[in-house]
Amino acid sequence: MSTSAETTESAQTPRATQAPQPPQAPKSSRISSIPFWAQILAGLVLGVVLGGIAKSGDISWLTTTLQHIGDLFVQLLKLAVAPLVFFAILVSITNLRQVNNAARLATRTLLWFMVTSLIAVAIGLAIGLLTNPGAGTGLTPKDGKLPAHTGSWIDFLTGIVPKDVITPFTELNVLQIVFMAAVAGIAALQLGEKAEPVLKISRSALELLQKALWWVIRLAPIGTVGLIGNAIATYGWNLIGKYATFTVDIYVGCALVMFGVYPLLLSTVGKVSPLKFFKGAWPAIQLAFVSRSSVGTMPVTQQVTERLGVPREYASFAVPFGSTTKMDGCASIYPAIAAIFIAQIFDVPLSIADYVLIAFVSVIGSAATAGLTGATVMLTLTLSTLGLPLEGVGLLMAIDPIVDMMRTATNVAGQSVIPILVSAKEKILDREAYARAGSIRVGDSDSDGTSGSNGIGNGSGNSDSRASAEPAPAAVPAAPAAATAS
């Protein structure tokens with residue numbers, strides 16, 4: 001009897017040692033616990049070392065391997081560009097119907113794009129005039145050659161409308177893809193509920209593409225090794241010596257915009273901390289630096305922008321739009337300094353009217369860069385407007401990968417700054433979320449496309465519990481109370 005009672009009591013009262021334990025979160029791997037910036041930095045250092053070894057030792061197989069690694073990473077990024085741009089623009093336009101004063105938000109966004117572009121091109125012109133980047137290089141007009149792709153105002157205007165709906169995707173003409181997506185988005189807004197089945201498929205496709213692109217982004221440290229290593233192995237440091245003044249000018253100009261103009265606007269116009277911005281936006285900036293693609297960086301840019309307090313409904317419009325048109329590095333600083341460089345090499349004097357034309361082209365024609373790696377089309381558009389020889393583009397092709405990294409980083413920083421400024425002026429910026437933004441890392445995206453414990457962590461390998469606990473931003477109110485706490 002006692003044995004039976006003990007058995008019954010034991011069955012009713014489980015032992016402490018047999019109590020079920022809560023499920024343990026899977027431990028992060030050692031690599032995933034390393035902050036993304038540290039992984040990128042390690043890739044940069046390793047790429048420089050391997051590229052230097054390949055160059056000094058004339059090791060052809062190592063150079064070829066580095067080239068293939070870098071090319072494969074860029075190809076993976078470009079693979080998702082066409083559908084990503086189409087669905088991102090389409091969905092972002094339809095999301096504007098959830099935002100109060102959508103037309104005013106879009107107008108202010110475009111105006112700030114133009115204002116900051118004008119400031120950037122003015123800085124580029126000032127640096128070029130002060131340093132004379134084309135003097136003392138040893139380069140002559142004979143060293144130049146015509147680029148494979150050129151641009152003119154006629155090509156730019158007529159090239160917006162595609163001849164069919166397939167070619168823009170096969171030839172990766174981002175400007176035409178943006179046009180088709182904008183038309184489809186506006187048509188969906190006009191149709192209302194009738195377009196909802198198509199929009200549902202579009203949202204699912206966008207989340208699928210973003211998920212796949214996050215996997216590619218995780219490979220960025222490896223891609224960095226190949227891209228930087230191949231640049232060093234192919235061109236070496238002697239090439240940079242020839243273009244020393246030009247290269248320094250581009251980096252200084254971009255740095256002045258990114259670390260001077262943007263922080264000044266954030267503190268004076270947005271009334272927010274520039275330091276908090278760089279802590280929050282740094283993953284997107286560093287990925288842009290190594291990938292040299294604004295569109296490829298777009299998922300990270302949108303995620304960090306939302307984390308910095310910009311409402312999702314507005315960020316999902318402003319960031320994709322900026323990724324294809326907001327190019328302070330590629331379309332403002334670079335063509336201004338490059339035009340002065342080429343004019344000096346070809347001994348063509350530039351007048352005040354020419355400098356005004358450079359500014360005009362930079363502000364109006366920035367969409368010609370279309371978020372892709374490089375800014376050759378934008379430069380040829382500038383040169384053709386000024387009447388400068390297009391062969392001058394060939395002088396800069398060798399150094400382009402080196403300067404393009406800083407150009408793209410500046411582009412992406414601006415693509416995040418402008419939505420913050422507009423949100424602050426419209427009193428829809430979540431200043432508490434902005435103030436919480438700290439040192440973060442890039443991880444994988446959540447299944448629902450939101451930023452949370454799997455998307456952006458605190459840089460220590462553990463997810464930010466506050467971020468993961470935050471709900472998705474609601475539709476933008478007219479004047480939320482949080483926005484008034486400045």
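Fair warning: this is a prediction, and the values are worked out from it, not measured in the lab.
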For the pair [X] (side chain) and [Y] (backbone), establish whether a donor and an acceptor sit closer than 3.5 Å, ignoring hydrogens and angles.
X: T408; Y: M405; value: no
X: K276; Y: A435; value: yes
X: T116; Y: F113; value: yes
X: K427; Y: A424; value: no

Practice problem: Determine whether D164 and T167 make a side-chain contact, defined as any pair of heavy atoms from C-beta on separated by less than 4.5 Å. | Solution: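 Yes - at least one pair of side-chain heavy atoms lies under 4.5 Å apart.
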Quiz item: Hey, does K425 have a side-chain heavy atom less than 4.5 Å from the side chain of V269?
Solution: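 Yes, close enough: below the 4.5 Å cut-off.
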Exercise. Not counting sequence neighbours, list each pair that qualifies as a salt bridge (Lys or Arg N to Asp or Glu O under 4.0 Å) and has a residue in residues 245-265.
Key: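 Counting only pairs at least two positions apart or across chains, no salt bridge (Lys or Arg N to Asp or Glu O under 4.0 Å) contact touches residues 245-265.
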Quiz item: Relative to each other, are the rings of F289 and Y251 parallel, tilted or perpendicular (30° and 60° limits)?
Solution: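 Geometry flag for Y251 against F289: perpendicular rings.
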Exercise. Determine the interplanar angle of the W282 and F278 rings, folded into 0 to 90°, and report it as parallel if under 30°, tilted if 30 to 60°, perpendicular if over 60°.
Key: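 The arrangement is perpendicular - the two ring planes meet at more than 60°.
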Quiz prompt | Distance-only side-chain donor-acceptor flag, S273 / Y434, under 3.5 Å | solution =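 Judged by distance alone, the side chains do not pair up.
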Quiz item: For residues S323 and S294, is any side-chain donor paired with an opposing acceptor at under 3.5 Å?
Solution: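 Distance-only check fails for S323 and S294.
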Practice problem: Show the numbers, then the answer: is there a side chain to side chain contact (heavy atoms under 4.5 Å, CB included) between L90 and F86? | Solution: CA-CA 6 Å; L90 170 60; F86 180 83; 4.1 Å; yes
Practice problem: Determine whether more than 12 heavy atoms belonging to other residues, nucleotides or ligands lie under 6.0 Å from atom CE of M114. | Solution: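 Atom CE in M114 is not packed in, count stays at 12 or less.
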Quiz item: Do D400 and R407 sit within salt-bridge range, that is, some charged N less than 4.0 Å from a carboxylate O?
Solution: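 Answer for the salt bridge query: yes.
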